[in-house]
Asker: 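Here it is, the structure in full.
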There are 4 protein chains.
Amino acid sequence: VPKVVYKRRVQFAETDGAGMVHFSMFFRYMEEAEHAVWRQAGLQIYQPKEEWSWPRISAHFDFKRPLKFEDEFEVHTEMASVTRSTIQWSHVVQRGDVVIGTGTVTAVYVKKLADGGIKSAEIPAAIVSQLRAVFSR
Amino acid sequence: VPKVVYKRRVQFAETDGAGMVHFSMFFRYMEEAEHAVWRQAGLQIYQPKEEWSWPRISAHFDFKRPLKFEDEFEVHTEMASVTRSTIQWSHVVQRGDVVIGTGTVTAVYVKKLADGGIKSAEIPAAIVSQLRAVFSR
Amino acid sequence: VPKVVYKRRVQFAETDGAGMVHFSMFFRYMEEAEHAVWRQAGLQIYQPKEEWSWPRISAHFDFKRPLKFEDEFEVHTEMASVTRSTIQWSHVVQRGDVVIGTGTVTAVYVKKLADGGIKSAEIPAAIVSQLRAVFSR
Amino acid sequence: VPKVVYKRRVQFAETDGAGMVHFSMFFRYMEEAEHAVWRQAGLQIYQPKEEWSWPRISAHFDFKRPLKFEDEFEVHTEMASVTRSTIQWSHVVQRGDVVIGTGTVTAVYVKKLADGGIKSAEIPAAIVSQLRAVFSR
């Protein structure tokens, strides 16, 4: 399965009193990796005045080993599944060959309604094809 | 099932450019609620020089509705399952009667090894009973 | 000088690898305390679709002693100075009688321009008087 | 004055409900830039079991313009002043040629005491010369 690799270093503010990266940070690392895919596709996942957005509906992470201050690591990302209005991203966080953890984040394409609410909508085909193209380079 | 309720208000720094609480924050809210249970049990989940700790091995959240700046909300927490060395905490985040989302966090009791590593260990019975007592008050 | 007191407990995610609250968190604590004053005044410092906002133009903190996980602390806040378009808030962070640190945050009242920019404007007198009233209760 | 440049991109979780980087984040950006200098000097500012550490005693930032999601920016860092036991770092955050803001962070070299406290100490000369060497490359 083709994956896109996002590289990062652990910053001090991301560690906690136990001397390792706080578990909530891995959800931010997964989001950063996903957003890097959007940029490589020439797309923006967020624009302040658009009628659409991509809220998350589900997120999961399994923690295998700790990351520590100054560790360099990679997030290996794939598009795990695409439905009419959702994309599930699958991520493996690695330090070299060592798997630190694995997770998924599912986002839904929504249109903003006049009453301030949102409603899921069909993802434009061009978006899916541009995202997929990143993985076949 | 008995639950413990933790009350909180959304702070501005917890919101993101989409005008709602960033999805990674819900993992922090679940942790805050769990730690409130430990305090009510008269226990500490973290002490800097102890030979044990409670790293997380798995975390999950399903997002139903957004939380926004200044929203007051509650986290309803229960001990979903206890094994020899793990506790799975289950959480419902609510704003009034509206369910914002639901999630679980699984923590493992470990002993610190001389080589800097960690190894899962049997949770002391007193810890489990003191935590359980919080839910039967 | 009259002060408003905001009470808080240190959460685990706010600590860093040195076992104390990360220094950047104190700027969030000061903001939380300021926003509590706005709420007590019956005002909102932020509304998503308003034509005004309150960006910060300067922030400072002097760190005297560390805060640690689970510490309960207070932020004692006063309106240090008010100009045509700015308010400088002054804060003392205390754990009991022990001063943890002191800081200031200056915010400017701005109008949003049609071109997406912002311009400082005269603070409505009613806002200043409602904020001041909180300190004379 | 020679400066070291640290490059970074704004991540979504760093923005707030006003659609710009939360003001507390600039203190993290300054710390990341300082730590990059330490790495380039072949030094570590933090080691978990060492007898010394570098807590911050003062931090300041003046905000000129906002940073937004996906903005690429640079932090230009210099050693502004060095005393017996402190280093004051001075930072300019820029997006291209546009100054976003300027700030300083002062850190103190301390030894950990047997009673759990800390005491300021003379910075080893080798540390200062290795840090200075980064700026003369």
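Letters A, B, ... are given to chains in the order of the sequence lines, protein chains preceding strands, and every chain is numbered from 1. Only this structure's heavy atoms are used, side chains among them; waters, hydrogens and symmetry mates stay out. What you see is a predicted model; the values in this text were computed from it and never measured.
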Asker: Compare all side-chain heavy atoms of Phe61(D) with those of Arg56(C) and state whether any distance is below 4.5 angstrom.
Answerer: no

Asker: Heavy-atom pairs under 4.5 Å with chain C: which of Ser53(D), Gly19(D), Gly17(D) has the most?
Answerer: Gly17(D)

Asker: Heavy atoms only, distances under 4.5 angstrom: which of Thr106(C), Asp62(C), Thr104(C) has the most pairs with chain D? Name it, please.
Answerer: Asp62(C)

Asker: Which pair of non-hydrogen atoms, one from Phe27(D) and one from Phe23(C), has the smallest distance, and what is that distance?
Answerer: O-CZ, 3.4 Å

Asker: Suppose a student defines contact as a heavy atom less than 4.5 Å from any heavy atom of chain C. Which residues in residues 68-97 of chain D would they list?
Answerer: none

Asker: Rounded to the nearest 0.5 Å, what separation is found between the CE atom of Met20(D) and the CD1 atom of Ile118(C)?
Answerer: 6.0 Å

Asker: Report which part of Ser24(C) has an atom under 4.5 Å of a heavy atom belonging to chain D: side chain, backbone, both, or neither.
Answerer: both

Asker: Give the minimum heavy-atom separation between Phe63(D) and Ser58(C), together with the two atoms involved.
Answerer: CD1-N, 3.6 Å

Asker: What distance do Asp16(D) atom CG and Glu31(C) atom CD have between them, rounded to the nearest 0.5 Å?
Answerer: 7.5 Å

Asker: Considering only heavy atoms, which portion of Met25(C) lies under 4.5 Å from any heavy atom of chain D: side chain, backbone, both, or neither?
Answerer: side chain

